[in-house]
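Order of listing sets the numbers, starting from 1, for every ligand and every atom in it.
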Amino acid sequence: MLYPLIGVPVIGKDPLRCYMQYKYTRCLTQAGGASQLLSWNASPAAIEAALKQCVGFLFPGGPDIHPEVYGQLSQPGCGPPERRRDHFELALIQAVLAAQKPLLCIGRGMQLLNIALGGTLIQDIKFQQEYKHADFLHRAYATHPVDLKPYSLISRLLRSDTATVNSLHHQIPDTIGDRLQITADSPEGFPEALELKDYPFCLAVQWHPEYMTRHTPIQQRLFQALIDACK
Ligand SMILES: [Mn+2]
């Protein structure tokens with residue numbers, strides 16, 4: 001397959017969201033893939049069509065997922081949700097997991113994966129953090145360390161048992177979903193990467209490699225690994 005087609009849920013139409021979206025699609029293109037943006041249509045026919053067309057999927061960053069989705073009431077500090085996107089992405093990721101297609105989940109995408117497999121989130125980590133985890137200003141730079149689990153997929157990709165990553169989040173997985181394994185954690189003990197056991201390719205990171213590739217080119221290997229898994 002020359003240019004594996006990767007399905008990416010649309011982030012939005014305003015200039016900031018278009019810019020965010022471009023960062024992901026550019027990394028996929030550089031890895032030798034092509035992107036298919038998927039609009040928020042949760043109908044069974046649309047989900048089936050996306051699954052048929054795309055060989056792999058990337059679930060990108062975005063707003064907080066409504067806590068109702070993981071059985072909680074919204075607490076102070078939880079950001080405004082985008083319910084149509086929640087609905088669509090949950091339906092899509094369930095279908096992708098059932099079909100065992102390769103997937104890379106970033107930021108919100110990692111939280112979505114955790115919820116889809118039965119996990120929950122801490123709705124706001126502001127008062128538990130030692131490092132600043134919501135730092136959009138320094139998005140292109142590594143700002144906090146993470147420990148990587150030896151022999152995990154992420155440690156093999158980054159060729160180390162430690163890394164320093166950027167951070168654009170204020171929520172984090174709390175209880176961990178079925179079959180997921182924490183393969184990176186921050187100094188506070190926040191899960192920063194998840195991998196799915198006994199699955200062809202499923203990597204989730206809480207940081208944003210799409211902003212890091214310029215100064216930390218090894219982060220491009222995450223996108224490359226997704227594309228390679230689709231070939
Ligand atoms: Mn972080």
(request) Find out whether the Lys NZ or Arg CZ of R85 is both under 6.0 angstrom from the six-membered ring centre of F88 and within 45° of the ring's axis. (result) no
(message) Assigning hydrophobic clusters by single linkage (Ile, Leu, Val, Met, Phe, Trp, Tyr; side-chain heavy-atom cutoff under 4.5 Å), is I93 placed with L117?
(response) yes
(message) Between H170 and H133 (judged by ring centroids, cut-off 6.0 Å), do the two rings come close enough to count as a pair?
(response) no
(message) Distances under 2.8 Å only: what protein N/O/S atoms are near the Mn ion (ligand 1), ordered by chain and residue?
(response) H133 ND1, H144 NE2, S167 OG, H169 NE2, E192 OE2
(message) Using a 3.5 Å distance criterion without hydrogens, assess whether the side chain of N166 forms a donor-acceptor pair with backbone atoms of H208.
(response) yes
(request) Check for a donor-acceptor pair, side chain of D64 on one end and backbone N or O of C78 on the other, with a separation under 3.5 Å. (result) no
(message) Within this structure, what is the CG-NE2 distance for the pair L92 and H87, rounded to the nearest 0.5 Å?
(response) 12.0 Å
